[in-house]
> 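Take a look at the following structure, please.
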Amino acid sequence: MTRVFGHTFPQGEAYTIPEIPLWVTRLGAVARRIGWEPLFVDFSRFTGPRAQVSVASIVDGVMNGDPRVVCLSPFTANYELAMEVTDRIKTIAPETVVIVGGAHASELPDDALRDGFDLVSVGRGEGPLAHVLGCLGENKVEIPGSPGLRTAMGRQEEDLRQFEHWWSVDSDYSVIPAEYPMHYARIYANLGCPYKCSFCADTLWIGMKPYQRELGQFRRELSEIKDRFSPSVLFIGDEVFTMDDRYCREVVAILGEAGIPWFCQTRANLLARRGDPELLSLMAAAGCLLINIGAESTDAAVLANLRKNVTFEQLVSACERAKEASLSVLTYWMVGGPGESQATARATLGALLDLFDRGLTDLADYFICTPYPGTSIFRDPETFGVTIEPKPWHLWREDIPSVMSTQYLTPEEIYSLWLEGLRGLASAMTACSTPRAS
Ligand code: B12
Ligand code: SF4
């Protein structure tokens, strides 16, 4: 990152990348709109191995605010931690209402109800939270079901009209302390993705079409982020930034006005199409330094299992286009997906290292394919020819022996291949960073 952005990032070594939690800014805006006071309790300093995380300190921090409602948004890997926190809160103050939402709980809401959470928000949380806070404001003891909310009453589908209503409300960044630690600030112009990669939990669990931010609103949010956090870099979080050429150009113009370097992500098939060289040049002129592109594998059969709908040839052509526009390139890769074997993993690694040699990728993100709840692989492992082991949720990580075995590889073999890949990447990146004697 230092090589691309030309400066070191303030956080230094970190277990996870601290970022403004956008769900808090969305739900904070909802709460304030209907007369509640949102309080964000910042536990960013608790990121680290589980043994270093104190549930008692987390709960003390929460209960100091004397909350009536506590909102939690665990990923799969920290779901059990959220359960422990909830258990302790309910022991100390049983009347506190604990709501859980986000990727993991949305996929497994009935489990979440059994696991001690009072309510589960499925999918987008703005409507369900407004409903709950409204009921509590009217002192209703029972909270009746509503679209997107799971109570003991059972599942109801999310109501997209509710989402569309709340989508037009600006996020509330004042909930987050201005000094919140971050490497970059993420902002969305277009939220959602129409593709259905089998390893991705980004949108399947939300089941939503992409929504574009109204441009005036995007400009306001950008200026709010700039004034409040003074970020040195922006990450335009859109799953597929260049999906809609016309809209993308308008967003690029706004980013150019903001004058902060930025990066974004997109799909190779879109960069390989006609017309985009001009868009890429506009992006570079507007401060885009880096474009992230999903590659995952170079093997056609593995790519087909990943439902990626992108070929390796398209990836190479996309990297070339980005380079012609003077952009740096980060490519995303994974090992241990459905159909992976020693041969396909090594061939992918070889092709990736070759891209480094040819100067077509500057950075690589390389992890173990993990079938998180919300992915198609999780929902239907048999179709993908994989076996998912019943491991505790905190072991569902991308940097330890996989929870999944493929037809050809055990979890340990996948882990060894990943370590082998990391060693290769470390030397490729060091070689790229070392100035060559002329
Ligand atoms: C930003 C992001 C991060 C940031 C987190 C910033 C933060 N603190 O929020 C960082 C970079 C730190 C991160 C890290 C990881 N991430 Co991440 N991340 C995302 C990403 C790209 C965007 C999330 C986002 O901000 N969306 C925009 C906001 C507005 O939407 P939202 O968060 O979904 O919230 C809405 C609803 O979900 C709901 N909601 C959410 N929580 C709650 C809570 C309540 C009470 C209610 C009512 C509603 C509600 O309402 C919100 C408003 O509509 C998603 C993919 C995606 N597109 O969703 C992956 C995603 C959430 N991450 C994922 C994963 C796996 C990880 C990592 C494990 C990856 C890794 N290799 O280490 C780590 C885990 C970090 C940890 N400490 O445990 C998975 C989660 C899958 C799962 N089942 O767990 C996702 C879905 C991507 C994927 N791989 O498919 N991530
Ligand atoms: S990996 Fe990217 S392109 Fe594929 S479904 Fe997820 S967000 Fe969309």
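Just follow the structure's listing: the first ligand is 1, and inside any ligand the first atom is 1. Just so it is clear, the model here is predicted, and its values are computed rather than measured.
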> Please examine the side chains of Cys71 and Leu129, heavy atoms only from C-beta on, and report whether any two atoms are closer than 4.5 Å.
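The answer is yes, as the side chains (C-beta and beyond) meet within the 4.5 Å cut-off.
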> Just which atoms of ligand 1 are under 4.0 Å from any heavy atom in Ser121?
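Here the atoms of ligand 1 in question are 46 (C), 47 (C), 48 (C).
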> Below 4.0 angstrom from a heavy atom of Ile99, which ligand 1 atoms are there? Numbered from 1 as shown, please.
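Selected atoms, number and element: 45 (C).
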> Pull out every atom of ligand 2 sitting under 4.0 Å from any heavy atom of Phe199, numbered as shown with elements.
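Numbered from 1, ligand 2 contributes 1 (S).
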> May I ask whether Gly123 places a heavy atom under 4.0 Å from ligand 1?
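Yes, Gly123 has a heavy atom closer than 4.0 Å to ligand 1.
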> Would you say Thr406's side chain and Met404's backbone share a donor-acceptor pair under 3.5 angstrom?
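Absent.
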> How far apart are the closest heavy atoms of Ala201 and Thr375, and which atoms are they?
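Where Ala201 meets Thr375 most closely, the heavy atoms are N-CG2, 3.7 Å.
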> Can you tell which part of Tyr372 has a heavy atom less than 4.0 Å from ligand 1: side chain, backbone, both or neither?
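Looking at Tyr372 and ligand 1, just side chain atoms fall under 4.0 Å.
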> With a heavy-atom distance limit of 4.0 Å, tell me whether Thr76 approaches ligand 1 through its side chain, its backbone, both, or neither.
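Thr76 to ligand 1: contacts from backbone and side chain alike.
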> Between Cys193 and atom 4 (Fe) of ligand 2, is there a contact where an N/O/S atom of the residue lies under 2.8 Å from the metal?
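It does not: Cys193 brings no N, O or S atom closer than 2.8 Å to atom 4 (Fe) of ligand 2.
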> Which of the atoms in ligand 2, numbered in the order shown and given with their element, are less than 4.0 Å from a heavy-atom of Glu239?
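Every atom of ligand 2 under 4.0 Å from some heavy atom of Glu239: 7 (S).
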> Short list, please: which atoms of ligand 1 are under 4.0 Å from a heavy atom of Cys71?
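Those atoms are 45 (C).
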> Consider ligand 1: state whether an atom of it lies below 4.0 angstrom from any non-hydrogen atom of Tyr188.
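So Tyr188 counts as touching ligand 1.
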> Return a table of donor-acceptor pairs under 3.5 angstrom between the side chains of residues 60-69 and protein atoms on other chains or two or more places apart.
{"residue": "Asn64", "atom": "ND2", "partner": "Asp60", "partner atom": "O", "Å": "3.3"}
{"residue": "Arg68", "atom": "NH1", "partner": "Leu136", "partner atom": "O", "Å": "3.4"}
{"residue": "Arg68", "atom": "NH2", "partner": "Leu136", "partner atom": "O", "Å": "3.3"}

> Got a salt bridge between Arg249 and Asp245, using NZ or NE/NH1/NH2 to carboxylate O under 4.0 Å?
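Judged by the 4.0 Å cut-off on N to carboxylate O distance, Arg249 and Asp245 do form a salt bridge.
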> Between the side chains of Glu250 and Arg246, is the shortest nitrogen-to-carboxylate-oxygen separation below 4.0 Å, so that they form an ion pair?
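Looking at Glu250 together with Arg246, the answer is yes, because their closest N to O distance falls below 4.0 Å.
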> Judged by atom type as modelled, is there a donor-acceptor pair below 3.5 Å linking the side chain of Lys308 to the main-chain atoms of Cys197?
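Pair absent, no side-chain N/O of Lys308 close to backbone of Cys197.
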> In terms of atom number and element, which parts of ligand 1 are under 4.0 angstrom from non-hydrogen atoms of Arg26?
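Answer for ligand 1: 29 (C).
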> Please state which part of Arg397 comes within less than 4.0 Å of ligand 1, counting heavy atoms only: side chain, backbone, both or neither.
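Neither; no heavy atom under 4.0 Å.
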> Against heavy atoms of Glu126, which atoms of ligand 1 measure under 4.0 Å?
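Answer, ordered by atom number: 52 (C), 53 (O).
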> Is Asp172 salt-bridged to Arg33, going by a charged N under 4.0 Å from an acidic O?
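Salt bridge absent between Asp172 and Arg33.
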> Please report whether the ring centroid of Tyr180 lies less than 6.0 Å from that of Tyr173.
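Not under 6.0 Å, so no.
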> Number the atoms of ligand 1 from 1 as they appear, then name those within less than 4.0 Å of a heavy atom of Leu27, with their elements.
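Reading through ligand 1 atom by atom, the close ones are 44 (C), 46 (C), 47 (C), 48 (C), 49 (C).
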> Out of all atoms in ligand 1, which are within 4.0 Å of some heavy atom of Glu239? Include the element for each.
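Answer, ordered by atom number: 56 (C), 57 (N).
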> Quick test of your reading of the structure: of Cys200, Cys197, Ser376, whose heavy atom lies closest to atom 6 (Fe) of ligand 2?
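Shortest heavy-atom distance from atom 6 (Fe) of ligand 2: Cys200.
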> Using heavy atoms and a threshold below 4.0 Å, how should the contact between Glu398 and ligand 1 be classified: side chain, backbone, both, or neither?
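Answer for Glu398: side chain.
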> Need the ligand 1 atom indices (1-based, order shown) with element for anything under 4.0 Å from a heavy-atom of Gly102.
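Reading through ligand 1 atom by atom, the close ones are 37 (O), 39 (N), 40 (C), 41 (N), 42 (C), 49 (C).
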> Run the contact test for Pro373 against ligand 1 with a 4.0 Å cut-off on heavy atoms, strictly below, and give the result.
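Distance cut 4.0 Å: Pro373 passes for ligand 1.
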